[in-house]
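Let me begin by presenting the structure, written as structure tokens, before commenting on it.
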Amino acid sequence: MNNFKTACTTLFLTFCIATSAFALNPSRTYETLPDKLGMKYTTEKVKTNDGEAELNAWYFPANTKTTQLVLMVHCGEGNMADYLNRVQLFQNTANVVIFDYRGFGESSDFEIDNNMYIYPHFQDDLESMIAHCVKNHTETFDLYGWGIGGGLSLGIGYGNAAIKKIIADTPFLSMEDLEKRFSAWDEPMEVPFAGYEKKYEPSSTVTMTPGNKLEGVKIIIGSNGVLYKLDDMVTLQKSAPKMIDKDIYVVKNPDNIDNFDADKEVYTKVLLDFLDK
């Protein structure tokens, strides 16, 4: 009986941790600014296309002169200051831009419900950032996103003429698919059917014509994911076999922590090797 209780408790805690991992959890305070880590950067303010918000972004020049650029799209946990270690991954070979969605960091005010998986407004945020990078930095560049950022990167970047390569770590598939998966949970999360464009849902967008500069997509998934599994990503890859690398990177992650934290050395190598191809 004690073993049964222990197993149930472990399962419950795992579920709670996994659920919190998908919740939007914005922080308005930048706990560590880049200059505290010796990182050179400039702050950029980006008006959104819908005219309703101004996004806060940081631009990091590469350690050597280059026109290569990576636009990073985070998971909706904390704010961009929490991901400076990921910025550093690319700085030997590329300039980096990272930004906060509305409601996060020092971007415009926007009420966030922690039980909402994603907001349709974030589509506009990423589209606005892509347009900003084209206008102010370079005509073509790469996208790297994880969690909701992975789904946004794949959904919006796939057909965009400015995007060369996309790295999507645990992308969602569609709003319908998310609702179905969440409905089995004791406390299901909400998804925004109204306002979320189907053409930007990854399961739909990868069946469309890719952007004319797109060279490839790399998918990453954890070995013990709660929401999505390897089979889900294989199905996604088969929808666009010429563009999505069939060598899906499966992170050995029995504790279901952030895939980057599970194995930083191998994770970094996979990302850089893909972008250098």
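Position 1 is the first residue of the sequence; numbering continues from there. None of the values given here were measured: they were computed from a predicted structure. Quick note: numbers below take in every heavy atom, side chains included, and nothing from hydrogens, waters or symmetry partners.
- Using a 4.5 Å heavy-atom threshold, the side chains of Gln237 and Ile219 count as separate.
- There is no path of hydrophobic side-chain contacts, each under 4.5 Å, that joins Met72 to Ile118.
- Between His74 and Asp100, the side chains place a donor N or O and an acceptor N or O closer than 3.5 Å (distance only, hydrogens not considered).
- Val96 and Ile166 fall into different hydrophobic clusters, defined by Ile, Leu, Val, Met, Phe, Trp and Tyr side-chain heavy atoms under 4.5 Å apart, directly or through other members.
- Atoms CD1 and OG1, from Ile148 and Thr170 in turn, are 12.5 Å apart once rounded to the nearest 0.5 Å.
- Considering only heavy atoms from C-beta on, Gln88 comes within 4.5 Å of Gln91 through its side chain.
- Checked against a 6.0 Å centroid threshold, the rings of Phe260 and Tyr83 do not count as neighbours.
- Of the inter-residue distances, the one linking Asp35 atom CG with Leu33 atom CG reads 5.5 Å to the nearest 0.5 angstrom.
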Do Glu265 and Asp263 pass the side chain to side chain contact (heavy atoms under 4.5 Å, CB included) test, and can you show the C-alpha distance, the side-chain angles, and the key distance before you say yes or no?
-> CA-CA 6 Å; Glu265 184 176 349; Asp263 195 337; 4.2 Å; yes

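- Met80 is connected to Ile167 through a chain of hydrophobic side-chain contacts under 4.5 Å among Ile, Leu, Val, Met, Phe, Trp and Tyr, so both are in one cluster.
- The structure places CZ of Phe60 at 8.5 Å from OG1 of Thr42, a figure rounded to the nearest 0.5 Å.
- Under a 3.5 Å cut-off, the side chain of Asn79 and the backbone N or O of Ala81 do form a donor-acceptor pair.
- A heavy-atom distance below 4.5 Å is not found between the side chains of Tyr228 and Leu236.
- For the residue pair Tyr144 / Arg86, a side-chain donor-acceptor distance below 3.5 Å is found, with atom types taken as modelled.
- Phe104 is not connected to Val87 by any chain of hydrophobic side-chain contacts under 4.5 Å among Ile, Leu, Val, Met, Phe, Trp and Tyr, and they are in different clusters.
- Here the closest non-hydrogen pair linking Pro210 and Leu214 is CB-CD2, 3.8 Å.
- Looking only at side-chain heavy atoms (C-beta outward), Thr93 and Leu275 stay at 4.5 Å or farther from each other.
- The shortest non-hydrogen separation linking Val270 to Tyr249 is CG1-CD2, 3.7 Å.
- Side-chain atoms of Asp177 and Ser203, non-hydrogen and from C-beta on, never get closer than 4.5 Å to each other.
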Contacts table for residues 238-246: side-chain donor-acceptor under 3.5 angstrom, sequence neighbours left out:
from: Ser239; atom 1: OG; to: Thr235; atom 2: O; distance (Å): 3.3
from: Asp245; atom 1: OD1; to: Asp247; atom 2: N; distance (Å): 2.9
from: Asp245; atom 1: OD2; to: Lys218; atom 2: NZ; distance (Å): 3.4
from: Asp245; atom 1: OD2; to: Lys277; atom 2: NZ; distance (Å): 3.4

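- Other residues, nucleotides and ligands contribute only 12 or fewer heavy atoms inside 6.0 Å of the NZ atom of Lys36.
- One distance of note links NZ of Lys229 with OG of Ser223; it measures 9.0 Å at 0.5 Å rounding.
- Separation of atoms OG1 (Thr268) and CZ (Phe90) is listed at 8.0 Å; rounding is to 0.5 Å.
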Evaluate the side chain to side chain contact (heavy atoms under 4.5 Å, CB included) criterion for residues Tyr200 and Leu152: first the C-alpha distance (whole Å), next the side-chain angles of each, then the deciding distance (0.1 Å), finally the verdict.
-> CA-CA 8 Å; Tyr200 289 149; Leu152 288 166; over 6 Å; no

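- Judged by distance alone, with hydrogens and angles left aside, the side-chain atoms of Asn253 form no donor-acceptor pair with the main-chain N or O of Asn224 at under 3.5 Å.
- A ring-centre distance under 6.0 Å is not found for Tyr267 and Trp146.
- Contact record, Arg28 with Ser108: NH2-O, 3.3 Å, taken as the closest heavy-atom pair.
- Between the side chain of Ser153 and the backbone N or O of Gly150 there is no donor-acceptor pair closer than 3.5 Å.
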Going through the distances and angles, do Phe141 and Ile130 end up as a side chain to side chain contact (heavy atoms under 4.5 Å, CB included)?
-> CA-CA 9 Å; Phe141 49 93; Ile130 291 174; 3.8 Å; yes

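- Listed by chain and number, the residues in a ring-ring contact (aromatic ring centres under 6.0 Å, His included) with Phe182 are Tyr117, Trp185 (sequence neighbours excluded).
- Hydrophobic clustering, with ILVMFWY side chains joined whenever heavy atoms are under 4.5 angstrom apart, keeps Ile112 apart from Tyr30.
- Counting heavy atoms from C-beta on, the side chains of Leu227 and Arg181 come closer than 4.5 Å.
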Yes or no on ring-ring contact (aromatic ring centres under 6.0 Å, His included) for Tyr101 and Tyr119, after CA distance, side-chain angles and deciding distance?
-> CA-CA 10 Å; Tyr101 309 109; Tyr119 280 92; over 10 Å; no

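- No more than 12 heavy-atom neighbours from other residues, nucleotides or ligands sit within 6.0 angstrom of CD on Glu139.
- Here the closest non-hydrogen pair linking Leu230 and Ile248 is CD1-CG2, 4.0 Å.
- Proximity of a side-chain donor or acceptor of Asn160 to a complementary backbone N or O of Gly211 within less than 3.5 Å is not detected.
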Side chain to side chain contact (heavy atoms under 4.5 Å, CB included) between Leu71 and Leu126, worked out | CA-CA 10 Å; Leu71 174 58; Leu126 180 52; 3.9 Å; yes

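- One distance of note links NE2 of His132 with NZ of Lys45; it measures 11.5 Å at 0.5 Å rounding.
- Shortest non-hydrogen contact noted between Pro61 and Lys40 is CD-O, 3.4 Å.
- In the model, Lys164 has a side-chain atom that pairs as donor or acceptor with a side-chain atom of Gln68 under 3.5 Å.
- Contact record, Arg102 with Asp124: NH2-OD2, 3.5 Å, taken as the closest heavy-atom pair.
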